[in-house]
**Q** 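Got a structure for you, questions after.
What you see is a predicted model; the values in this text were computed from it and never measured. We count residues from 1, following the sequence as given. Values reported hereafter were calculated over all heavy atoms of this structure, with side chains retained and with hydrogens, waters and symmetry mates removed.
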Amino acid sequence: MRQLRIERPGEISWRDVPLPQPGVGEVRIRVLGVTTCPHWDLHLLGGKPMFPGQVVSYPYLPGQPGHEAMGEVDAVGVGVTDLVVGDRVVAWRDTGKPRVGFYGQFNTFAEADLLKIPRELTPARVAPLELAMCVEVVFQRLAELGGVTGRRVGVCGLGPAGLVAVQLARAQGASEVVGIDPLESRRALAGRLGASETVEADASAWPASRKEERVLDVAIDCTGLASAVEFLLDRTKCAVALFGVLRDDVRYAPRHMWGPGVTLVGYGDHNRVAAETALAMILAGRLDLEALVTHTLPMSRYVEGVALLKTQQAIKVLFDPWAE
């Protein structure tokens with residue numbers, strides 16, 4: 001089998017390695033498609049840690065950072081109870097522990113971290129499920145504060161996560177969904193996926209106020225930029241939820257504490273319920289992940305695919321490990 005490894009910043013190998021054998025509670029998967037998780041791919045190929053304070057060593061873990069994957073069960077290990085050879089599956093969770101990733105033709109993975117899926121689901125339609133699960137966790141946190149049903153919801157940052165958030169907000173009953181992004185092409189796609197309004201984060205065109213008619217009830221930040229979070233805090237009544245990875249401190253000012261105060265909501269824990277919710281929405285036609293896949297390339301052209309992400313020509317790239 002062949003497998004990708006980031007040898008050093010900007011350089012990969014697409015190399016022959018032995019076929020892995022599933023351990024206890026694991027299955028071996030013939031990978032049919034894996035999509036980029038742009039921040040991970042851009043950081044690791046660029047030689048930077050994904051999270052502040054981490055240190056990245058090269059060569060990086062083989063197959064990483066590939067974790068948004070679907071495929072077919074090829075072999076089962078001892079202790080596997082629900083999956084059999086031939087089942088189609090999608091990865092719903094990356095535990096964060098050091099392990100081989102899905103950027104390869106085969107991979108082994110814990111049965112507990114996979115969902116069985118209908119055979120008609122193509123890689124483009126379902127491989128990014130792990131991302132959708134992650135975004136659904138934000139909606140679980142917002143549910144603790146009354147949810148989004150009947151509310152005006154803002155989503156800042158219309159990359160892959162933001163475009164998923166727009167769809168989940170609409171599917172979960174938001175009365176209006178406002179997409180916020182500087183790129184016109186991303187705003188246009190958000191409109192096609194359910195946003196009722198799209199705007200740039202322009203403070204002069206949208207003055208700060210938590211009382212005027214344009215105010216958001218709740219908002220989700222998918223940028224990780226402190227300036228974006230502060231922009232939302234000044235224009236949201238109830239809660240601003242964080243999804244993007246923060247690298248700088250956010251200023252929560254005295255004005256945010258009154259009127260009533262706006263709540264800044266941290267992220268929650270990955271969980272199977274969130275994954276199953278996202279899968280149900282895909283099957284019901286309420287969540288379109290294929291719309292995020294703008295390019296499909298052979299896995300051997302990984303560097304080219306990440307370059308498309310860096311220049312914002314691509315939203316997500318689907319890699320086929322079997323294509324030449």
Side-chain angles (χ1 to χ4, degrees), residues 9-10 36-57 60 65 67 94 96 131 134-142 144-145 153-166 169 178-183 186-187 190 198-210 215-259 261-270 306 309-312 315-316:
T36 52
C37 180
H39 282 295
W40 276 105
D41 292 282
L42 287 165
H43 277 85
L44 293 177
L45 188 62
K48 299 178 181 179
M50 174 64 177
F51 298 101
Q54 288 185 334
V55 177
V56 184
S57 299
Y60 200 67
H67 54 265
D94 182 353
L131 169 65
C134 292
V135 178
E136 172 60 19
V137 169
V138 176
F139 286 85
Q140 291 178 335
R141 294 301 317 274
L142 287 174
E144 299 169 10
L145 298 172
V153 179
V155 178
C156 189
L158 300 175
L163 292 167
V164 170
V166 164
V178 181
I180 306 166
D181 197 276
L183 291 181
R186 300 286 175 97
R187 298 197 303 270
T198 60
V199 298
E200 296 185 60
D202 185 342
S204 61
W206 187 355
S209 172
R210 296 181 52 233
V215 68
L216 303 167
D217 293 307
V218 296
I220 301 168
D221 176 69
C222 296
T223 70
L225 300 174
S227 58
V229 177
E230 291 164 9
F231 180 91
L232 294 174
L233 284 170
D234 280 337
R235 293 159 180 83
T236 304
K237 286 194 294 188
C238 177
V240 174
L242 303 177
F243 180 83
V245 178
L246 282 173
R247 288 178 167 77
D248 296 299
D249 293 343
V250 171
R251 292 173 296 176
Y252 189 100
R255 66 182 178 275
H256 300 135
M257 186 176 176
W258 314 104
V262 58
T263 301
L264 188 59
V265 183
Y267 193 64
D269 293 326
H270 293 172
V306 176
L309 298 174
K310 185 174 183 178
T311 56
Q312 296 185 320
I315 297 175
K316 269 191 178 292

**Q** For Arg141, check salt bridge (charged side-chain N to carboxylate O under 4.0 Å, His left out) against everything at least two apart and list the hits.
**A**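 Partners of Arg141 under the salt bridge (charged side-chain N to carboxylate O under 4.0 Å, His left out) test: Glu144.
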**Q** Do any pairs count as a ring-ring contact (aromatic ring centres under 6.0 Å, His included) and have a residue in residues 215-236, sequence neighbours left out, and if so which ones?
**A**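 For residues 215-236: Trp206-Phe231.
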**Q** Tell me every residue that passes side chain to side chain donor-acceptor pair (under 3.5 Å) with Asp94, counting only those two or more places apart in sequence or in another chain.
**A**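 None.
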**Q** Ignoring hydrogens, what is the shortest heavy-atom contact between His67 and Trp40? Give both atom names and the distance.
**A**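 So the two residues come closest at CE1-CD1, 3.6 Å.
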**Q** Roughly how far, to the nearest 0.5 Å, is the NZ atom of Lys310 from the CG atom of Leu42?
**A**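 Output value for this atom pair is 8.0 Å.
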**Q** Would a 4.5 Å heavy-atom cut-off, applied to side chains only, mark Ser209 and Val215 as touching?
**A**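 No - every pair of side-chain heavy atoms lies 4.5 Å or more apart.
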**Q** Find the distance between NZ (Lys316) and CG (Leu131) and round it off to the nearest 0.5 Å.
**A**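 Nearest 0.5 Å value for the NZ-CG distance: 5.0 Å.
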**Q** Check side chain to side chain donor-acceptor pair (under 3.5 Å) between Tyr252 and all other residues, then give those that pass, not counting sequence neighbours.
**A**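 Testing Tyr252 for side chain to side chain donor-acceptor pair (under 3.5 Å), a comparison that skips the adjacent residues, returns none.
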**Q** With sequence neighbours excluded, tell me which residues meet side-chain contact (heavy atoms from CB on, under 4.5 Å) with Pro207.
**A**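 Listed in chain order: nothing, the list is empty.
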**Q** According to side chain to side chain donor-acceptor pair (under 3.5 Å), who are the partners of Asp202, at least two apart in sequence or on a separate chain?
**A**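 Asp202: side chain to side chain donor-acceptor pair (under 3.5 Å) contacts with Ser204.
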**Q** Under the rule for side chain to side chain donor-acceptor pair (under 3.5 Å), what residues qualify as partners of Asp181, not counting sequence neighbours?
**A**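 Testing Asp181 for side chain to side chain donor-acceptor pair (under 3.5 Å), a comparison that skips the adjacent residues, returns none.
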**Q** I need the minimum non-hydrogen distance between Pro38 and Leu309, along with the two atoms involved.
**A**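 Heavy atoms of Pro38 and Leu309 come nearest at CA-CD1, 4.0 Å.
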**Q** Which heavy atom in Ala190 sits nearest to a heavy atom in Thr198, and how many Å separate them?
**A**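 Reported closest heavy-atom pair: CB-CG2, 4.2 Å.
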**Q** Check residues 262-269 and write down every donor-acceptor pair under 3.5 Å in which the side-chain atom is one partner and the other belongs to a residue at least two apart or another chain.
**A**
residue	atom	partner	partner atom	Å
Tyr267	OH	Cys134	O	2.6
Tyr267	OH	His270	NE2	3.3

**Q** Output a table of donor-acceptor pairs, distance under 3.5 Å, between side-chain atoms of residues 153-161 and any protein atom two or more places apart or on a different chain; print 'none' if there are none.
**A**
none

**Q** Return the set of residues passing side-chain contact (heavy atoms from CB on, under 4.5 Å) with Leu225 (not counting sequence neighbours), or none when no residue passes.
**A**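 For Leu225 the side-chain contact (heavy atoms from CB on, under 4.5 Å) partners, ignoring immediate neighbours, are Thr223, Ser227, Ala228.
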**Q** Mind checking what makes side-chain contact (heavy atoms from CB on, under 4.5 Å) contact with Arg255, not counting sequence neighbours?
**A**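 Arg255 satisfies side-chain contact (heavy atoms from CB on, under 4.5 Å) with Asp234, Ala253 only.
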**Q** To the nearest 0.5 Å, what is the distance between CZ (Arg187) and CG (Leu163)?
**A**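 If I round to the nearest 0.5 Å, the distance is 12.5 Å.
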**Q** Taking the side chain from His39 and the backbone from Cys37, do they hold a donor-acceptor pair closer than 3.5 Å?
**A**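 No, because the side chain of His39 does not come within donor-acceptor range (under 3.5 Å) of the backbone of Cys37.
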**Q** If you round to the nearest 0.5 Å, how far is CZ of Arg251 from CD of Glu230?
**A**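 Between Glu230 CD and Arg251 CZ, I get 4.0 Å after rounding to 0.5 Å.
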**Q** Return the CD1 to CG distance between Ile180 and Leu216, rounded to the nearest 0.5 Å.
**A**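 Ile180 atom CD1 to Leu216 atom CG measures 6.0 Å (nearest 0.5 Å).
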**Q** Leu246: which residues meet the side-chain contact (heavy atoms from CB on, under 4.5 Å) condition with it, sequence neighbours left out?
**A**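 Listed in chain order: Val229, Leu242, Val250.
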**Q** Just by distance, do the side chain of Arg210 and the backbone of Thr236 share a donor-acceptor pair under 3.5 Å?
**A**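 Yes, the answer is positive, given that a donor and an acceptor are paired below the 3.5 Å cut-off.
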**Q** Distance-only, no hydrogens or angles: does the Lys237 side chain make a donor-acceptor pair with backbone N or O of Asp217 under 3.5 Å?
**A**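 Absent.
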